[in-house]
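Scroll down for the structure; my scribbles are underneath it.
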2 protein chains.
Amino acid sequence: MKQKILVVDDESETVELVAFNLKQAGYDVISAADGEEALKKAKAQLPALVVLDWMLPEMEGVEVCKLMRRDSATAGIPVIMLTAKASEIDRVLGLELGADDYLTKPFSPRELVLRIKKILDRKKSKDADVQTLTMGELVIDVPRHLASWKGKKIDLTATEFKLLTVLVQRRGRVQSRDQLLRDVWEYDSMIDTRTVDTHMRRLREKLGPAAKFLDTVRGVGYRFVE
Amino acid sequence: MKQKILVVDDESETVELVAFNLKQAGYDVISAADGEEALKKAKAQLPALVVLDWMLPEMEGVEVCKLMRRDSATAGIPVIMLTAKASEIDRVLGLELGADDYLTKPFSPRELVLRIKKILDRKKSKDADVQTLTMGELVIDVPRHLASWKGKKIDLTATEFKLLTVLVQRRGRVQSRDQLLRDVWEYDSMIDTRTVDTHMRRLREKLGPAAKFLDTVRGVGYRFVE
DNA sequence: CGGCCTTGTCACCTGTTCGTAACATTGGCG
DNA sequence: CGCCAATGTTACGAACAGGTGACAAGGCCG
């Protein structure tokens with residue numbers, strides 16, 4: 001499975017040069033010519049990394065970078081900025097705004113590839129390090145608030161995520177509705193215990209096939225089975 | 001049924017030495033040469049124990065250990081670390097990260113086998129120790145709300161489960177119907193004492209052969225005998 | 001401001017469970 | 001052996017618990 005990289009530049013020459021070298025290095029490459037297209041593709045295709053030109057028509061590269069950081073779907077994707085200006089100010093700014101590295105034009109394609117490799121490797125080992133709970137094909141990344149089934153992301157709301165997390169952390173043991181209300185909602189239930197049922201239903205809906213883990217124990221509560 | 005042991009080391013000599021001795025001792029042995037392979041095999045084959053070299057190409061042995069702990073499938077598998085470094089710091093670190101024991105190279109294969117045996121024995125008795133009430137072949141796991149007879153699950157309703165639990169916890173002593181009503185139903189019986197009889201009957205039906213534990217003491221009440 | 005998403009509540013519906021009563025069986029005792 | 005109380009068994013309606021769909025209030029974002 002090749003890693004996908006999004007290259008954003010309005011000069012088609014640069015795009016082609018970069019794309020060629022990246023493909024040589026074994027990456028999949030997609031491209032965008034302006035900021036809007038870049039954001040759309042980033043969100044739709046979730047590349048492993050984005051190479052972003054500083055100067056873009058319509059929207060500044062900085063702007064794209066900032067917007068990517070705002071959207072949780074793309075917030076984690078590393079960005080390398082390409083800039084024609086060599087001034088230090090720009091560099092710092094770029095990094096402060098969330099770029100992971102930068103290169104000044106003209107740059108050596110070889111160096112770009114090396115930097116990309118470095119960033120992706122660093123990210124990989126970091127990703128493996130975060131606290132994740134894995135239940136067969138179901139993976140829950142607690143600090144990142146991400147859940148996935150067979151590698152496919154599951155969109156959960158805050159409450160749903162917490163409910164799932166609590167159940168998984170106490171996997172095997174039955175949790176009464178009261179207990180869940182205390183642990184998930186965190187204060188003594190001004191809340192109807194039946195609300196738990198509704199959230200369980202929504203959770204099951206979203207989990208799809210993974211819902212088989214969520215077990216109802218009639219008269220007692222719910223349980224996450226392995 | 002032999003127990004399976006995964007040996008992870010990049011030096012094939014070490015692997016063979018260890019594998020030979022373990023096979024002699026009656027274990028099944030599988031092996032892996034690097035961290036990634038180790039994780040894959042651990043997850044796929046679920047060995048009873050992993051012997052893990054501290055130094056591995058690509059990924060540190062520590063890393064493998066940490067990742068194994070994260071995945072519920074492998075979290076419970078004991079790990080013995082092999083290390084060339086004899087420094088105390090490394091030892092402590094390894095143990096803190098979830099290894100169960102360690103050996104410094106060069107080590108005596110005989111000692112390795114002994115330690116493995118010890119760990120597996122300890123684990124066995126610990127597994128049986130979790131919060132369960134065991135009456136011969138009848139096992140009651142209160143937090144999980146599971147009852148089983150000879151490993152086969154018994155479906156009980158909430159009331160039946162509680163009734164059984166109370167009887168087992170006071171095993172040997174006769175419980176009057178009034179007492180059972182108080183302990184199982186939790187409030188002063190607006191309820192007919194004959195109701196207890198009905199529930200006892202249902203319980204006996206579901207327990208099948210295990211119903212022999214449920215004893216009627218004429219004129220007094222019921223008792224769980226061993 | 002207006003639309004969308006989240007979230008807590010309801011009301012409805014279904015299958016399950018429970019309590020009870022009626023009937024059958026058992027066991028102790030004279 | 002036969003009686004009677006205690007217990008086992010069966011059946012059934014009522015109550016209940018949980019799934020489900022709908023909805024309104026609040027929050028967030030553009």
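Note on naming: letters A, B, ... go to the chains in the order of the sequence lines (proteins, then strands), and numbering restarts at 1 for each one. Quantities reported herein were computed from a predicted structural model and do not represent experimental measurements.
The interatomic distance linking A/W185 (CH2) with C/dT9 (C1') rounds to 13 Å, in whole Å. Put simply, CD on B/E160 is 14 Å from P on C/dT16, counting in whole angstrom units. Protein atom CG of B/D155 is 11 Å distant from nucleotide atom P of C/dT16, rounded to whole Å. Rounded to a whole Å, the CG atom of B/L156 is 16 Å from the P atom of C/dT16. Atom CE of B/M200 is separated from atom P of D/dT9 by 11 Å (rounded to the nearest Å). Remark: P of C/dG19 and CG of B/L163 are 11 Å apart, rounded to the nearest angstrom. When rounded to the nearest whole Å, the span between CG of A/D215 and C1' of D/dG19 equals 15 Å. To the nearest angstrom, C1' of D/dT7 lies 16 Å from CG of B/L203.
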N/O-N/O pairs, protein side and nucleotides 27-29 of chain D side, under 3.5 Å:
none

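Side-chain contact between B/M200 and B/L163 is present, with at least one heavy-atom pair separated by less than 4.5 Å. For the pair B/V50 and B/T74, the minimum side-chain heavy-atom distance is 4.5 Å or more.
With no hydrogens or angles considered, a side-chain donor-acceptor pair links A/E11 and A/T14 at under 3.5 Å. Side-chain contact annotation: A/R223 with A/Q175, donor-acceptor N/O pair under 3.5 Å absent. For the residue pair A/T216/A/R204, the side-chain donor-acceptor check at 3.5 Å is satisfied.
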Let me see the working for B/E160 and B/K206 under salt bridge (Lys or Arg N to Asp or Glu O under 4.0 Å), right down to the final yes or no. CA-CA 10 Å; B/E160 285 156 7; B/K206 291 192 179 173; 2.9 Å; yes
Using the salt bridge (Lys or Arg N to Asp or Glu O under 4.0 Å) rule, take A/R177 and A/D197 through it: C-alpha gap first, then chi angles, then the decisive distance, then the call. CA-CA 8 Å; A/R177 289 177 173 67; A/D197 296 31; 2.8 Å; yes
Test salt bridge (Lys or Arg N to Asp or Glu O under 4.0 Å) on A/K41 and A/E37; report intermediate values, then the result. CA-CA 6 Å; A/K41 291 203 172 172; A/E37 192 189 350; 3.3 Å; yes
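Considering only side-chain N and O atoms, A/Y222 lies nowhere under 4.0 angstrom from the phosphate OP1 or OP2 of D/dA17. Proximity of B/R177 to the phosphate of D/dT7: a side-chain N or O atom is located under 4.0 Å from OP1 or OP2. Remark: B/H199 is in phosphate contact with C/dG19, judged by side-chain N or O atoms under 4.0 Å from OP1 or OP2.
Taking CG from B/L52 and CD1 from B/I80, the interatomic distance works out to 10.5 Å, rounded to the nearest 0.5 Å.
Listed nucleotides: D/dT9, C/dT17, C/dT7. Nearest to the side chain of B/T157: C/dT17. The nucleotide whose nearest atom lies closest to any side-chain atom of B/D197 is, among D/dG21, D/dT7, D/dG19, D/dT7. The side chain of A/R201 has D/dA22 as its nearest neighbour among D/dA22, D/dG18, D/dG8.
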Classify every nucleotide of nucleotides 20-28 of chain C by which part a protein heavy atom approaches to under 4.0 Å, writing B for the base, S for the sugar-phosphate alone and - for neither, in 5'-to-3' order. B-----BB-
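Among pairs with a residue in residues 190-217 of chain A, those fulfilling ring pair (Phe, Tyr, Trp, His ring centres under 6.0 Å) read A/W185-A/H199, A/F213-A/F224, at least two apart in sequence or across chains.
Place B/T216 and A/G221 on DNA chain D by their nearest nucleotides, and B/T216 ends up nearer the 5' end.
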